[in-house]
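For reference, the structure discussed in these notes is given below.
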Amino acid sequence: DSRGGWTEDGRKVRGTIHWVSAEHATAHPVRLYDHLFTVEQPDSPPDPDADWRDYLNPDSLIELPSVFMEPELRRTPPGTAVQFLRNGYFFSDPIDSRAGQPVFNRIVPLRDSWAKKEPVG
């Protein structure tokens, strides 16, 4: 009765919390990819004396070796796209995934980090 939307008793539920118990969760590697550069246009850097390598993002890849998730995800075939709630869209790696042990790569975060860093206008 408390899923997102209007309930029979007139309450507006704005969201639903999803969780998996640690006892039932399975752990899988996850790779979080982000922008390769710290500026939007590395070929036109803010500092004319800088080299494009000065703007490489050291956090463009974060590898999490063991992320707990819904056990059904261990059946995810390589090359499948899924959404992880409140995190983004992920793709089971077609090369590194194995039967029963998928490796998930984030392909799109839910929020654009450029919008936070670069104000419009």
Side-chain angles (χ1 to χ4, degrees):
D1 290 339
S2 63
R3 290 187 183 151
W6 291 98
T7 64
E8 288 182 19
D9 61 4
R11 293 178 295 140
K12 170 102 167 100
V13 178
R14 295 181 185 225
T16 304
I17 297 174
H18 299 272
W19 65 277
V20 177
S21 69
E23 178 183 345
H24 297 100
T26 57
H28 301 283
V30 172
R31 299 176 186 139
L32 303 175
Y33 289 94
D34 202 348
H35 295 286
L36 182 58
F37 296 100
T38 58
V39 295
E40 193 170 358
Q41 297 179 352
D43 55 343
S44 302
D47 179 1
D49 296 327
D51 184 61
W52 63 270
R53 289 175 284 230
D54 296 330
Y55 297 104
L56 285 173
N57 180 2
D59 297 321
S60 64
L61 171 60
I62 297 172
E63 296 184 89
L64 306 173
S66 195
V67 173
F68 291 100
M69 56 187 71
E70 171 67 42
E72 192 62 29
L73 286 169
R74 70 176 166 240
R75 296 186 197 348
T76 304
T80 302
V82 294
Q83 180 185 3
F84 290 172
L85 294 175
R86 297 187 178 94
N87 285 295
Y89 294 92
F90 291 75
F91 189 72
S92 61
D93 195 289
I95 296 171
D96 295 332
S97 292
R98 303 282 176 258
Q101 187 60 29
V103 175
F104 292 99
N105 300 322
R106 182 176 63 189
I107 51 177
V108 179
L110 288 183
R111 297 194 179 163
D112 182 19
S113 60
W114 287 119
K116 288 188 279 185
K117 293 177 186 176
E118 304 281 333
V120 177

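In what follows, residues are counted from 1 in the order of the sequence shown.
Contact check for S97 versus T80: no side-chain heavy atoms found under the 4.5 Å cut-off.
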Give the table of side-chain donor-acceptor pairs shorter than 3.5 Å for residues 44-51, with sequence neighbours excluded, one pair per line with atom names and distance.
unit_1	atom_1	unit_2	atom_2	d
D47	OD1	D49	N	3.0
D51	OD2	R53	N	3.3
D51	OD2	R53	NE	2.6
D51	OD2	R53	NH2	3.1

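No more than 12 heavy-atom neighbours from other residues, nucleotides or ligands sit within 6.0 angstrom of OH on Y89.
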Verdict with supporting geometry, L110 and Q83, side chain to side chain contact (heavy atoms under 4.5 Å, CB included): CA-CA 9 Å; L110 288 183; Q83 180 185 3; 3.8 Å; yes
Pair N57-L36, side chain to side chain contact (heavy atoms under 4.5 Å, CB included): steps then yes or no: CA-CA 5 Å; N57 180 2; L36 182 58; 5.9 Å; no
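Closest approach of P71 to H24, counting heavy atoms only: CG-O, 3.1 Å. The minimum heavy-atom distance linking G100 with H28 is given by the pair O-CE1, 3.9 Å.
Interatomic distance, CG of N105 versus CG of L61, reported as 8.5 Å (0.5 Å rounding). Note that the CZ atom of F37 and the CG atom of D43 stand 9.0 Å from one another [nearest 0.5 Å].
For the salt bridge (charged side-chain N to carboxylate O under 4.0 Å, His left out) test, residues two or more places apart in sequence or in another chain that qualify with E63 are R31.
Taking Ile, Leu, Val, Met, Phe, Trp and Tyr as hydrophobic and joining them when side-chain heavy atoms fall under 4.5 Å apart, one finds L32 in a cluster with V30, I62, L64, V67, M69, L73, V82, F84, F90, F104.
Remark: the backbone N or O of Y55 is paired with a side-chain donor or acceptor of T38 at under 3.5 angstrom. A donor-acceptor contact shorter than 3.5 Å links the side chain of S92 to the backbone of P77.
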